[in-house]
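Note sheet for the following structure.
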Amino acid sequence: MAFDTQAAAIADETDEIANSIEQEVATAVSEGRPLADEDASALPSTPRDAPIVRGHYRVDPGPADTFTDLLKLAETETTAAILGAWREVEISIRKATVERGLFHPQPRALASEDVLSPELSRSANDLLELRNRVVHEGDVIPTVSGARSYVTAARRIVDALALANNPALQHRDYEEQAIRAVSMNSSYVKRNDGDVGFDAYGETEAGGSFAVEVKHRGNKRLTMEDVKRVADRLPQLGIGVLLLTNAPLSQEVRDFNALSDTSRPRMEVVQWRDSTDNDVLARAIARVAG
């Protein structure tokens, strides 16, 4: 009874989380700036009936769908269905780890916010505890309804992880975090929500002005073509430009930074991933603002 109740509660919780992420993705797609073709990804218009978005490809639900098979398996082999459902969660976490450029052979902890949100992490850990009770402790034999609730919860975690990898949502979240970091290291920053111009404009306490362009690249490298497209707009602007990216900087981009050291206005490319890079960001702002 306790297993059934907890599995049903987790299923309800994960459904709410996945629905919330679906709404966020829809908002990011409809309100965000147009993305490059290679970053665009389709979004299901009706989440329950339309194909499920998984990373950069789509999987049509149907008889061959893994979770559909697991729901059927739960009717006769409850323990096997639970093991299979948890396995799908593990595979999904590993896939998300690779897609986000972390490349760890094993995911660090399920609580890692690199892959899972805090809410999703709690749900995943609850599922893991239930799975361990069935396999290792042996103090419960799941009922059919409990196993079906477990499979449903696992599916919604996989759905949520896939939706969280939507390029539009990732780009929006990264842009918001990056511009927030710039504002913390400047006296004034104004975000540009239009389609023309740079992503933000700022001023330093010393009175220097600069523009900010944000390029989120997932697990792809930032190319010199990306850099040149921004650099070509420098003469029209007349102030320094800071290009922020989550992607590693190639040697070619590093050479560009070195060559632009004496140019005015100056442009610099900075890899900013999170708050641990704020010191690098602050120094770069001082250089491009002059």
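In this chain, residues are counted from 1 in sequence order.
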Using modelled atom types and a 3.5 Å cut-off, is there a donor and acceptor pairing between side-chain atoms of Ser260 and backbone atoms of Asn257?
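Side chain of Ser260 to backbone of Asn257: a pair is present.
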Below 4.5 Å, heavy atoms only, C-beta onward: do Glu119 and Glu16 meet side chain to side chain?
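Glu119 does not reach Glu16 side chain to side chain.
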Compare all side-chain heavy atoms of Val230 with those of Val269 and state whether any distance is below 4.5 angstrom.
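Counting from C-beta outward, Val230 and Val269 never come under 4.5 Å.
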Salt bridge check, Arg156 against Glu22: does any charged N sit closer than 4.0 Å to a carboxylate O?
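Counted as a salt bridge, because a side-chain N and a carboxylate O are separated by less than 4.0 Å.
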For [X], which residues count as a side-chain hydrogen bond (donor to acceptor under 3.5 Å, both in side chains) partner, sequence neighbours excluded?
| X | value |
| --- | --- |
| Thr76 | none |
| Thr223 | Glu225, Asp226 |
| Arg273 | Asp277 |
| Ser250 | none |

Are Thr68 and Arg155 close enough, and set up right, to give a side chain to side chain contact (heavy atoms under 4.5 Å, CB included), and what steps lead you there?
CA-CA 10 Å; Thr68 301; Arg155 178 170 198 160; 4.0 Å; yes
Hydrophobic cluster mates of Val212, side-chain heavy atoms under 4.5 angstrom, ILVMFWY only, any path?
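Taking Ile, Leu, Val, Met, Phe, Trp and Tyr as members, Val212 shares its hydrophobic cluster with Tyr174, Ile179, Val182, Val189, Phe210, Val214, Leu242, Leu244, Val270, Trp272, Val280, Leu281, Ile285, Val288.
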Check [X] against [Y] and note the closest heavy-atom contact, atom names and distance.
| X | Y | result |
| --- | --- | --- |
| Gly84 | Leu70 | C-CD1, 3.8 Å |
| Ile157 | Ser123 | CD1-C, 4.2 Å |
| Ala160 | Ile21 | CB-CD1, 3.7 Å |

I'd like a table of donor-acceptor pairs (distance under 3.5 Å, sequence neighbours excluded) in which one partner is a side-chain atom from residues 200-209, with atom names and distances.
{"from": "Tyr201", "atom 1": "OH", "to": "Phe198", "atom 2": "N", "distance (Å)": "3.0"}
{"from": "Thr204", "atom 1": "OG1", "to": "Ala206", "atom 2": "N", "distance (Å)": "3.4"}
{"from": "Thr204", "atom 1": "OG1", "to": "Gly208", "atom 2": "N", "distance (Å)": "3.0"}

If the condition is side-chain contact (heavy atoms from CB on, under 4.5 Å), which residues does [X] pass it with, not counting sequence neighbours?
| X | result |
| --- | --- |
| Ala2 | none |
| Ala153 | Ile10, Ala11, Thr14, Leu127 |
| Thr79 | Leu83, Val134, Pro142 |
| Glu129 | Asp126 |

Given side chain to side chain contact (heavy atoms under 4.5 Å, CB included), test Val227 with Met267 step by step and report yes or no.
CA-CA 9 Å; Val227 175; Met267 175 178 164; 3.8 Å; yes
Just to verify, what does Arg180 make a salt bridge (Lys or Arg N to Asp or Glu O under 4.0 Å) with, not counting sequence neighbours?
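Listed in chain order: nothing, the list is empty.
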Just checking Glu252: does its CD atom have more than 12 heavy atoms from other residues, nucleotides or ligands closer to it than 6.0 angstrom?
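Not buried by this count: 12 neighbours or fewer within 6.0 Å.
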Not counting sequence neighbours, list each pair that qualifies as a salt bridge (Lys or Arg N to Asp or Glu O under 4.0 Å) and has a residue in residues 279-290.
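Pairs touching residues 279-290 that pass the test: Glu268-Arg287.
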